[in-house]
Amino acid sequence: MPEQNASSLGEAVMAMGKRPLWSALYAETDEQAMWSVQMNDDHEAFARLVQRWEEPIFRLCARLTGNSHQAEDLRQETFARVYAHRREFRTDKKFSTWLWRIALNLCYDALRKRKRHGECPLEDDQSGADGERDFAADEPSPDLQAVAQEENEIVRQALVRLPETGRTVLALRYGEGLKLREIADILELSEAAVSYRIAVALDQITQILEPSLNEGKRLRQ
Amino acid sequence: MNHPSHEEWLPYLEGEASPEVIKRISEHLKVCALCASEMEGRRRSLQKLQRLGWPRQRRVARNWVAPTVKWGLAAALVLGMGFGWGRFSAPDAQAIEKGVAMRVRGELRQEMRADLLAAYASDAQSAKDSFRRELGQEISVASAKGRKEERQALVEFLNRFEQKQATEFLSLRKDLETLASTADDRLQQTRWQLAQMVANAEPVNAKP
């Protein structure tokens, strides 16, 4: 998570780019940066927020839409909306919750538009696998990469077949590693409801990925 | 049989269940093959989701390198085609060499002729008009014949001219000697006549 990444001094310095070293001695919270943006139209503070959050937001949008190009657009739109509505942010609330919610709403809008136009949600390019290779410390052999790519593609297709609610909770829980409480805040649900949705979504994706299990489930019912 | 609910199996699957729940579910899975296979299926799905290569941002370097390589290959292809076309369509090297040699030879000939003319023309006092004219004509003829012939012609011309000059000089000397001799005779004759005239005039003037 971004907060966790920025917690260590070295990582904070890296994340803050050109900022002086002394400024890394204290970890500026997202809420402090957003307050600065809200009160002073502080562009630098806004740039820091973008720097911290652009990749998680991109990942979420990509998982929900299954399209990295659309995810790029949605990420930009998310931050544009954050800046445009900066006065509406309440500093007693968590910035990340507000940000995730904006991104999710934009994703839902995009998915609905796409559904109306009958477009295919999945892209054909291998940007996911390529991106993974970019950040991998130890590159697996080409054969293993091919197997991993194939598996990734199957899981991505299965994920896109899930309902939006299931896709969202799986993306937030297993993609971003959010706690049940955080997901509950973002979706404005109870933790129990989130837990239930995750369990249902996990069962659904398992049925898609492992059709042989369906027979046993049907027999039990 | 009391199968575990999602409130129980989800924390169990994620490793967040309490020890009691872990114990109860573990025991249940030993006796319920259906739940065990389902749990295994969920576990595999969870692992796949966790290691799923989600689409990531493309690095700037990737966007920079790929077009550069593409443009580099395109440039190499165009240069290669140009080089090949040039190799096949270029004129023969020997023909070019011959042409250049001829041109250089011609230019050298012109320059040499101009230098010679200038050299003779600059020495205006010593050179005669006829000499320059004749020499110019001779050089023109010689240059048309080629370098070797030119030299030969020049040598011949110089020899001829020297002979001519020598002949003219001898003739002039003879003329001058004749003239000097004639002048001397005439002088002596005049002197004699003057002496005669003086001798004839003296007796008339001597009588009182």
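On a predicted model such as this, the values are computed, not experimentally measured, just so you know. Chain identifiers are assigned alphabetically (A, B, ...) following the order of the sequence lines, protein sequences preceding nucleic acid strands; residue numbering begins at 1 within each chain.
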### Task
Kindly state each residue pair satisfying salt bridge (Lys or Arg N to Asp or Glu O under 4.0 Å) with at least one member in residues 73-85 of chain B, sequence neighbours excluded.
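Residue pairs passing salt bridge (Lys or Arg N to Asp or Glu O under 4.0 Å), neighbours aside: none found.
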### A:Asp73: salt bridge (charged side-chain N to carboxylate O under 4.0 Å, His left out) partners, not counting sequence neighbours
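A:Asp73: no salt bridge (charged side-chain N to carboxylate O under 4.0 Å, His left out) contacts found.
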Starting at [atom1] of [X], measure out to [atom2] of [Y] and round the result to the nearest 0.5 Å.
X        : Y        : atom1 : atom2 : value
A:Tyr196 : B:Ser5   : OH    : OG    : 11.5 Å
B:Leu49  : A:Ile205 : CG    : CD1   : 4.5 Å
B:His6   : A:Ile198 : NE2   : CD1   : 9.5 Å
A:Ser195 : B:Glu8   : OG    : CD    : 11.0 Å
A:Glu210 : B:Arg44  : CD    : CZ    : 4.0 Å
B:Glu14  : A:Tyr174 : CD    : OH    : 3.5 Å

### Query
Any side-chain heavy-atom pair from A:Thr206 and B:Leu46 closer than 4.5 angstrom?
no
### Query
Got a salt bridge between A:Arg173 and B:Glu16, using NZ or NE/NH1/NH2 to carboxylate O under 4.0 Å?
yes
### Residues of residues 177-191 of chain B contacting chain A, heavy-atom criterion under 4.5 Å, by residue number
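The residues closer than 4.5 Å to chain A amount to none at all.
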### Task
Could you tell me which residues in residues 77-84 of chain A have at least one non-hydrogen atom under 4.5 Å from a non-hydrogen atom of chain B, sorted by residue number?
none
If you count heavy atoms of other groups shown closer than 6.0 angstrom to [atom1] of [X], is the number above 12?
X        : atom1 : result
B:Gln196 : CD    : yes
A:Arg86  : CZ    : yes
A:Arg181 : CZ    : yes

### Query
Looking only at heavy atoms, which two atoms of A:Leu202 and B:Ser45 are closest? And how far apart?
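The pair with the smallest heavy-atom distance is CD1-CB, 4.5 Å.
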